[in-house]
2 protein chains.
Amino acid sequence: MLEIRQLRYVQAVGEELHFGRAAARLHIAQPALSRQIQRIEQQTGAALFVRTQRKVELTAAGALMLERSRSILRELEQLEQDVRRAGKGELGRLTIGFIHSSTYGLLPRTLQRFRDLYPDVELELREMSIADQATALARDDIDVGLTRPARYAPGIETLSIMEEAFVVAVPAYHPLASSASTPLARLSNEPFILFPRASSPLFNASILRMCETAGFTPQAIQTATQVHTVVGLVSAGMGVAIVPVTAKNMQVSGVAFLRIQENPPPVSVVLAWRTSRETPSLRAFRAIAFKVGEEFMATQARTRRGGDVC
Amino acid sequence: MLEIRQLRYVQAVGEELHFGRAAARLHIAQPALSRQIQRIEQQTGAALFVRTQRKVELTAAGALMLERSRSILRELEQLEQDVRRAGKGELGRLTIGFIHSSTYGLLPRTLQRFRDLYPDVELELREMSIADQATALARDDIDVGLTRPARYAPGIETLSIMEEAFVVAVPAYHPLASSASTPLARLSNEPFILFPRASSPLFNASILRMCETAGFTPQAIQTATQVHTVVGLVSAGMGVAIVPVTAKNMQVSGVAFLRIQENPPPVSVVLAWRTSRETPSLRAFRAIAFKVGEEFMATQARTRRGGDVC
DNA sequence: TCTATTGATGTCCTGGAGGTATTACCGATG
DNA sequence: CATCGGTAATACCTCCAGGACATCAATAGA
């Protein structure tokens, strides 16, 4: 089989058309070069160069080999560089699962920053439920999920990147709308828009638990899966709701958000991935998402103080 | 720079996912393989395989390298094979100049046989005058010319591949039309269609000389450069002409061809090429053209005996 | 005829690829 | 829990292919 060295030598001689100069360019002595070329010619049975004393010329086979050698050498160089970049996570492909609500906060900012830093990593985005992400991770359908804490199969690792407090959403005309905060008990007789237990078990359970702690059971007048829908229903005056604070980022008017005085436990946004599928790109994505999460929480802590009518 | 060996090793390990088996497949011992892979990983700074005890897995960088290595190795193999074939003249490109009249005989047969034997040699055909071929050869615009003897620049070699006798062409109704041969002197008072001296010096000079030897100067009533045109004019009854015997192969009716009793010197068809540009494909082409020329002459010697009205 | 140029040849040397033996690590098994 | 089996990594040695150096051979040009 031909060796890379031989291609390099053919290229040098083919371009210089002079064994001495070609050898100098290759940082080897001329006899070594002569012998290598001879060896190729012997291996292939094809004369590559016509050495008339005083000048060297390419044969047809030589010209063919010169051209193709150039191309292979280029590819090889590109390969080495790409492997190097892939090793640093600058090259590759990342399939990201995400829950719908993350598009109102973390995800766009994370993607933007990631694309800036790693423009040659191909990103594939898939909106999927928390449960779907769990199975997709287990089946290796996605590389990483931007999701919520849940029961994941063994071998799936998670990292919490943001804690979202819950807030109360009330219609703008509601008596509470001008307050910055409220105790939960104040809502005991309000009609509630809740998350359905089946499709949003985490939110459903968290909210029921905090109301229970406050001493009442919320009166469900309606349920909706998407945070966006819930807030929409509130704005339509159907009732009040307890939603994660990112809901403020949605462009929905006619809704006021109030801090909950009991400070119930927040809900996390987590990254989830298979430990065994940890790639450099994934590591990079994780680091960026984590950073963005931190910044995001800092921002929200600041804005929380002001009045919150959108 | 990456070595071919390294690509082969990555491919083996990437496909077997087992150092021992990969080493066996490569006919080397396992430690050597381990070391080489380590060296690549060190060179590129990218982990290619995850060696969890009990199993070997590809990283993203490894998968990238595996795929690209396969492709480069394939190309390299193809290259070696192609160089080998190019050396034997089975691959390449041949630009052939030819005079128009050769399409009535040698050229089609030569091309057909050459294509059968060397299907991967690309052929480029250019109809050009004898003089144009001479300059094209000198300027390396064509690899070989199918032409006539002429003054060629030094470094241009020629090989005669066919001798064509001259014959007399007369209209079918002409008193001589039923004869198989005639002495030239019999034509001294006939109107002649001649080849112009400027564009067909060889034919012009040959014909004038043979008439002169026969004791007369032909009366030119018309001139034409192409043999085909000359024969056409004869068939139209404009006069008689002296043309090379291949003219019989043209599909022109109403013309009779007669042997010349004086047996004037024939005219050659030659191959011309630059000595320094002798490629294997050219050698092959030359051999075939030579063979076809021999066969062609044999055929004509046979048919010459019969009556020659077309 | 002599000299300069340039590729080929002869000879020796060395780095690195490979081999053998062994170790290290882990999982399975009784 | 000790041991065994399987697998990759390490240690150390061998050997050869590719390279350096010196020289030759052939030719062009002065």
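Every chain is numbered from 1, with letters handed out A, B, ... down the list of sequences.
Applying the side-chain hydrogen bond (donor to acceptor under 3.5 Å, both in side chains) test to residues at least two apart or on different chains, the pairs with a partner in residues 117-126 of chain A are A:R85-A:D120, A:R93-A:E122, A:R93-A:E124, A:E124-A:R126.
Taking 4.5 Å as the limit, some side-chain heavy atom of A:Q43 sits within range of a side-chain heavy atom of A:Q6.
Salt bridge annotation for A:R68-B:D82: present, with a cationic side-chain nitrogen under 4.0 angstrom from a carboxylate oxygen. The residues B:R286 and B:E278 are annotated as salt-bridged, a charged nitrogen and a carboxylate oxygen being separated by less than 4.0 angstrom.
In this structure, a donor-acceptor pair under 3.5 Å is absent between the side chains of A:Q112 and A:D116. Counting only N and O atoms by type, the side chains of A:Q38 and A:Q42 include no donor and acceptor under 3.5 Å apart.
Partners of A:Y9 under the ring pair (Phe, Tyr, Trp, His ring centres under 6.0 Å) rule, at least two apart in sequence or in another chain, do not exist in this structure. For B:P149, the side-chain contact (heavy atoms from CB on, under 4.5 Å) partners two or more places apart in sequence, or in a different chain, are B:L202, B:S268, B:V270. Under the side-chain contact (heavy atoms from CB on, under 4.5 Å) criterion, A:L123 pairs with A:L94, A:I96, A:L111, A:F114, A:R115, A:V121, not counting sequence neighbours. By the side-chain hydrogen bond (donor to acceptor under 3.5 Å, both in side chains) test, B:R5 pairs with no residue at all, sequence neighbours left out. With sequence neighbours excluded, the residues satisfying side-chain contact (heavy atoms from CB on, under 4.5 Å) with A:A32 are A:I28.
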List the atom pairs, with distances to 0.1 Å, where a side-chain N or O of residues 152-159 of chain A and a protein N or O form a donor-acceptor pair under 3.5 Å, not counting sequence neighbours.
unit_1	atom_1	unit_2	atom_2	d
A:Y152	OH	A:T147	OG1	3.4
A:Y152	OH	A:R148	O	2.7
A:E157	OE1	A:T275	OG1	3.0

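Just one residue in the list B:F290, B:F285, B:F98 forms a side-chain contact (heavy atoms from CB on, under 4.5 Å) with B:T110, and that residue is B:F285. When each of A:R8, A:R70, A:R21 is checked for a salt bridge (Lys or Arg N to Asp or Glu O under 4.0 Å) with A:E15, only A:R70 meets the rule.
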Dump the pairs, protein N or O against N or O of nucleotides 18-22 of chain C, anything under 3.5 Å, distances to one decimal.
unit_1	atom_1	unit_2	atom_2	d
C:dG18	OP1	B:Y9	OH	2.4
C:dG18	N7	B:R35	NH2	2.9
C:dG19	OP2	B:A29	N	2.5
C:dG19	O6	B:R35	NH1	3.0
C:dG19	O6	B:R35	NH2	3.0

What nitrogen or oxygen pairs link the protein and nucleotides 23-26 of chain C at under 3.5 Å?
unit_1	atom_1	unit_2	atom_2	d
C:dC25	O2	B:Q53	NE2	3.3

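In this structure, B:Q38 places its CD atom 16 Å from P of C:dG16, rounding to the nearest Å.
Heavy atoms of other residues, nucleotides or ligands lying less than 6.0 angstrom from CD of B:Q78 number more than 12.
Across residues 40-51 of chain A, not one residue has a non-hydrogen atom less than 4.0 Å from an atom of DNA chain D.
Contact annotation for B:R39: backbone-only contact, meaning every heavy-atom pair under 4.0 Å involves sugar-phosphate atoms and none involves a base.
Computed from C1' positions of five pairs at each end, the angle between the two local axes of the helix from C:dT1-D:dA30 to C:dG30-D:dC1 equals 10°, rounded to 10 degrees.
In 5' to 3' order, the nucleotides of DNA chain D bounding all contacts with chain A (an atom under 4.0 Å from a heavy atom) are D:dG18 to D:dA28.
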